[in-house]
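Quick notes on the structure that follows.
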Amino acid sequence: SLAHRCHHRSSAMLDMPFLPFCAFLATLGLLCVAMVGTWCQHWRGGFSLDGSSRTFNWHPVLMVTGLVVLYGAAALVYRIPNTWSGPKLPWKVLHGSLALGAFVLAVLGLAAVFCFHNSQGTPNMYSLHSWMGLGTVLLFSCQWAMGFGAFLLPWAPTWLRALYKPIHVFFGSTILLLSVASCVSGINEKLFFSLKNGTMQYKLLPAEAVFANTLGLLILIFGVLVVAALARPSWKRPDSDSPDSRQVRDTLGG
C-alpha cells in the first residue's frame, strides 16, 4: 500500500548508514583529543615529567584519549558490517587490543596525577572525581580480564560465553558513561582549582573556561552517541545461527 511504502521510505531515510556515522564519531573523538591537548599546552603550561603541574597535564590528555575515545572505538568494533561474516577471531583481537591500549593509557594517566600529588605534598583520592575515576579504571580492568577469559581463551565453554555476553555488553556501555562522567567532573574540578584569582575567575568565564567547558560538552556528546550506536538494533551483529545472520551471509556472498 501507499502508506506502507511511505513509512518504509521514511524509515530508510532515518536509518543512517553506520560508516558515515562512524566517520563523524571518529572526527569528534579526534577533536576531543586535540582540544584537551591544546588546553593543557596553551593555558596550563605544556607537558613534562618533573612532578610539576606540567606532569599533571598528561592526566587529562591520557584519560580522554584512552578511557573515552579509544575505548569508544573498541566498543564499536562489532558494529562494523565487515565483522558480520568470516572469522570472528581477528575482530576479537582488535576489540581486545584497542581496549587494552585504552587501559594502558588510563593507568599512565593515573600515574601522572599520583606523581604530581606526591611531589607537591597534595593528598590523593579525596574528591568525588578521583573516586569515580579510580572506580572506573578498576571496573575496566575487571571487564577486560573477564572478556579475555571468556571470549579469547579457547577453553571457555559456549554456555559460559552466552551467559556472560549480555553482562559484558552492559558493563561496556556503563564503563564508557562512567568515563565520560569522570572526565567532565575532572575538567570542572581543574577549572575551579586553576581559575580563582583576579580577572581569571571561573565565574567571569574567561576564554579558558569557555574552551574547557566546550571540551566537556563534546566529550559528553561523543559518549552518548557511542552508547546510542551500541543500542541501535539495526547496527548489531546478528547471532551466527539467526535468520538475519544467514541473510547477511547470503548478501555478502558468504
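Since the structure is predicted, the reported quantities are computational estimates derived from the model, not experimental observations.
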- Which one of L205, L204, N197 satisfies the side-chain contact (heavy atoms from CB on, under 4.5 Å) criterion with Q201?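 Of the listed residues L205, L204, N197, the side-chain contact (heavy atoms from CB on, under 4.5 Å) partner of Q201 is L204.
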
Is [X] reaching over with its side chain to a backbone N or O of [Y], donor-acceptor style, under 3.5 angstrom?
{"X": "S173", "Y": "F170", "answer": "no"}
{"X": "S141", "Y": "L138", "answer": "yes"}
{"X": "H59", "Y": "A112", "answer": "no"}
{"X": "Y71", "Y": "F103", "answer": "no"}
{"X": "S119", "Y": "F116", "answer": "yes"}

If we only count heavy atoms from C-beta on, is the [X] to [Y] side-chain gap below 4.5 Å?
{"X": "L108", "Y": "V104", "result": "yes"}
{"X": "I175", "Y": "W144", "result": "no"}
{"X": "L110", "Y": "M63", "result": "yes"}
{"X": "Y202", "Y": "K196", "result": "no"}
{"X": "R237", "Y": "R79", "result": "no"}
{"X": "N118", "Y": "N124", "result": "yes"}
{"X": "W91", "Y": "N82", "result": "yes"}
{"X": "L100", "Y": "F148", "result": "no"}

- I219 and I187: CA distance, side-chain angles, deciding distance, side-chain contact (heavy atoms from CB on, under 4.5 Å) verdict: CA-CA 11 Å; I219 290 170; I187 289 167; 3.9 Å; yes

Heavy atoms only: give me the nearest [X]-[Y] pair and the separation to one decimal.
{"X": "A74", "Y": "L98", "value": "CB-CB, 3.6 Å"}
{"X": "H168", "Y": "Q143", "value": "O-NE2, 2.8 Å"}
{"X": "N57", "Y": "P60", "value": "O-CD, 3.3 Å"}
{"X": "L76", "Y": "A229", "value": "CD2-CB, 3.7 Å"}
{"X": "L195", "Y": "M200", "value": "CB-O, 3.1 Å"}
{"X": "V226", "Y": "A75", "value": "CG1-CB, 4.5 Å"}

Give, for atom [atom1] of [X] and atom [atom2] of [Y], the distance between the pair rounded to the nearest 0.5 Å.
{"X": "K190", "Y": "S53", "atom1": "NZ", "atom2": "OG", "answer": "6.0 Å"}
{"X": "F140", "Y": "T174", "atom1": "CZ", "atom2": "OG1", "answer": "13.5 Å"}
{"X": "L178", "Y": "F171", "atom1": "CG", "atom2": "CZ", "answer": "9.5 Å"}
{"X": "L139", "Y": "L134", "atom1": "CG", "atom2": "CG", "answer": "11.0 Å"}
{"X": "Q120", "Y": "F56", "atom1": "CD", "atom2": "CZ", "answer": "11.5 Å"}
{"X": "L215", "Y": "L220", "atom1": "CG", "atom2": "CG", "answer": "11.0 Å"}

Hydrophobic cluster identity match, [X] and [Y], side-chain contacts under 4.5 Å:
{"X": "M132", "Y": "V64", "answer": "no"}
{"X": "L177", "Y": "L128", "answer": "no"}
{"X": "F47", "Y": "W43", "answer": "yes"}
{"X": "F222", "Y": "L30", "answer": "no"}
{"X": "V210", "Y": "F192", "answer": "no"}

- Task: Validate the cation-pi geometry between K165 and F151: distance from NZ or CZ to the six-membered ring centre under 6.0 Å, angle to the ring axis within 45°.
- Result: no

- Could you walk me through whether L105 and L67 pass the side-chain contact (heavy atoms from CB on, under 4.5 Å) test, one step at a time? CA-CA 8 Å; L105 292 183; L67 273 185; over 6 Å; no

- Heavy-atom neighbours of W58 CH2 exceed 12 at 6.0 Å: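 At most 12 heavy atoms, drawn from other residues, nucleotides or ligands, come within 6.0 Å of this atom.
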
- Query: When you look at CZ of F211, are more than 12 heavy atoms from neighbouring residues, nucleotides or ligands closer to it than 6.0 Å?
  - Reply: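 Enclosed.
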
- Can you label the angle between the W235 ring and the F21 ring as parallel, tilted or perpendicular, going by 30° and 60°?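 Plane angle between 30° and 60°, so tilted.
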
